[in-house]
J.: 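One structure, pasted below without further comment.
Count residues from 1 along the sequence. All figures in this text were calculated on a predicted structure; none of them were measured in a lab. We count ligands from 1, going down the list as the structure has it; atoms in each ligand are counted the same way.
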Amino acid sequence: MDRTITVGDAAFYVRIEGQGSPLLLIHGYPLDHTMWDLMIPMLSARHTVIAPDLRGFGQSTGQRDEVSMQLFADDLAEMLAQLHPGEPVNACGLSMGGYILWQLWRRHSDRLSRLILMDTRAAADHEVQARARRENAAIVRREHLASIPKAMIPKLLSETTRRSLPHLAEVLQETILRQNPNAVAAAQIAMSYRVDVQSWLAEINKPTLVVCGEHDSISPPEEMRQFAEQIRGARFAEIPGAGHLPPLESPQMTCEAILRFTER
Ligand code: MLT
């Protein structure tokens with residue numbers, strides 16, 4: 001079912017499917033809710049899946065020149081307040097979606113029952129990475145998105161995936177090219193200024209699952225395993241053969257890891 005939820009100046013597109021305890025899926029950069037498409041049939045057999053497009057992405061409006069992980073988190077909290085008032089939800093964020101999930105936990109902890117951090121980082125960027133992001137954002141503002149798929153797809157999909165599922169590169173290219181360049185540039189700049197949350201890890205008091213593709217080069221398993229060890233009782237699941245996007249590269253195994261965790 002497609003819904004539109006109005007929060008302040010933005011109309012959010014949200015795909016809602018299934019029945020059971022709510023499960024919010026927060027997409028990564030520079031994508032939209034369709035990155036969850038292959039998992040929604042399996043997850044929605046057990047959960048009410050809530051898959052929004054973030055502000056300015058996909059079919060959601062409200063694009064701003066300046067955004068932040070905090071703003072995205074506040075948008076989602078308000079959306080959850082409208083959809084499931086008083087009921088904490090399971091929430092899963094991939095990569096930039098994970099950066100947003102840290103903020104959702106920090107700012108709106110009462111809205112969350114469980115955290116699933118997927119192919120994401122707790123550390124902030126080094127200055128060199130941050131500067132590269134801001135340069136990249138300037139290029140996107142000037143020249144739009146044409147150069148992004150070629151630069152990003154080899155980092156998003158593992159070599160194994162690119163060989164065994166070659167159509168996924170085309171799917172991702174289409175997804176990236178239909179995004180609003182200004183929203184993409186603003187999110188890139190926002191990620192360059194995101195805070196380092198490593199000092200928060202010991203305070204996390206919700207059941208947590210950390211999921212990582214075996215060959216993820218953006219948020220590698222060693223780094224994710226290390227931060228998972230600092231979250232009390234967190235479980236860790238590695239998805240064999242996958243890169244940065246297990247929901248597309250290995251949807252079945254990723255769903256199984258999520259459901260094993262949410263059904264505990
Ligand atoms: C994402 O998948 O959301 C991005 O790769 C995050 C990032 O660039 O740090």
J.: Could you list which atoms of ligand 1 come closer than 4.0 Å to a heavy atom of Ile218?
T.: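 Going through ligand 1 atom by atom, the ones under 4.0 Å from Ile218 are 5 (O).
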J.: To check you understand the geometry: which heavy-atom pair defines the closest contact between Val210 and Ala228, and what is its length?
T.: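 Between these two residues, the closest heavy atoms are CG2-CB, 3.7 Å.
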J.: Identify whether NZ of Lys or CZ of Arg in Arg134 sits under 6.0 Å from the centre of the six-membered ring of Tyr193 and within 45° of that ring's axis.
T.: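 Cation-pi check for Arg134 and Tyr193: passes.
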J.: Among all protein non-hydrogen atoms, which one is nearest to atom 9 (O) of ligand 1, and what is the separation to 0.1 Å?
T.: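 In this structure, atom 9 (O) of ligand 1 has Tyr99 OH, 2.5 Å as its nearest protein heavy atom.
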J.: Check this for me, if you would: do Asp125 and Arg133 make a salt bridge, where the nitrogen-to-carboxylate-oxygen distance has to be below 4.0 angstrom?
T.: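 Result for this pair is yes, salt bridge flagged.
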J.: Please indicate whether any nitrogen or oxygen in Met96 is less than 3.5 Å from any nitrogen or oxygen in ligand 1.
T.: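 Yes, since at least one N or O of Met96 sits under 3.5 Å from an N or O of ligand 1.
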J.: Would you mind telling me if ligand 1 is within reach of the side chain of Arg121, the backbone, both or neither, using heavy atoms under 4.0 Å?
T.: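 Within the 4.0 Å criterion, Arg121 makes no contact with ligand 1.
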J.: Looking only at heavy atoms, which two atoms of Glu223 and Ala123 are closest? And how far apart?
T.: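 Taking Glu223 first and Ala123 second, the nearest heavy atoms are OE2-CB, 4.5 Å.
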J.: Of the backbone atoms (N, CA, C, O) and the side-chain heavy atoms from C-beta on, which set of Lys155 has a member under 4.0 Å from an atom of ligand 1: side chain, backbone, both, or neither?
T.: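 Lys155 to ligand 1: no contact under 4.0 Å from either part.
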J.: Filter on ring-ring contact (aromatic ring centres under 6.0 Å, His included), then keep only pairs touching residues 76-132, sequence neighbours left out; what's left?
T.: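 For residues 76-132, and leaving out neighbouring residues, the ring-ring contact (aromatic ring centres under 6.0 Å, His included) pairs sorted by first residue read Trp102-Phe227.
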J.: Can you name the atoms of ligand 1, numbered from 1 with element, that are less than 4.0 Å from a heavy atom of Gly28?
T.: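 Matching atoms, with element in brackets: 3 (O).
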J.: With no hydrogens and no angle check, is any side-chain donor or acceptor of Thr161 less than 3.5 Å from a backbone partner on Glu159?
T.: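 No, Thr161 side chain to Glu159 backbone: no donor-acceptor pair under 3.5 Å.
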J.: Where is the nearest protein heavy atom to atom 5 (O) of ligand 1: which residue, which atom, and how far?
T.: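 Going by distance alone, atom 5 (O) of ligand 1 is nearest to His244 NE2, 3.4 Å.
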J.: Should one rank Ser192, Ser95, Ser219 by closest heavy-atom distance to atom 4 (C) of ligand 1, which comes out on top?
T.: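 Nearest option to atom 4 (C) of ligand 1, by heavy atoms: Ser95.
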J.: Quick check on ring pair (Phe, Tyr, Trp, His ring centres under 6.0 Å): which of Trp36, Phe57, Phe72, Tyr13 does His27 satisfy it with?
T.: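 When Trp36, Phe57, Phe72, Tyr13 are each tested with His27, the ring pair (Phe, Tyr, Trp, His ring centres under 6.0 Å) holds only for Phe57.
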J.: For atom 8 (O) of ligand 1, which of the options Arg133, His27, Gln129 provides the nearest non-hydrogen atom?
T.: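 Among Arg133, His27, Gln129, the closest heavy atom to atom 8 (O) of ligand 1 belongs to Arg133.
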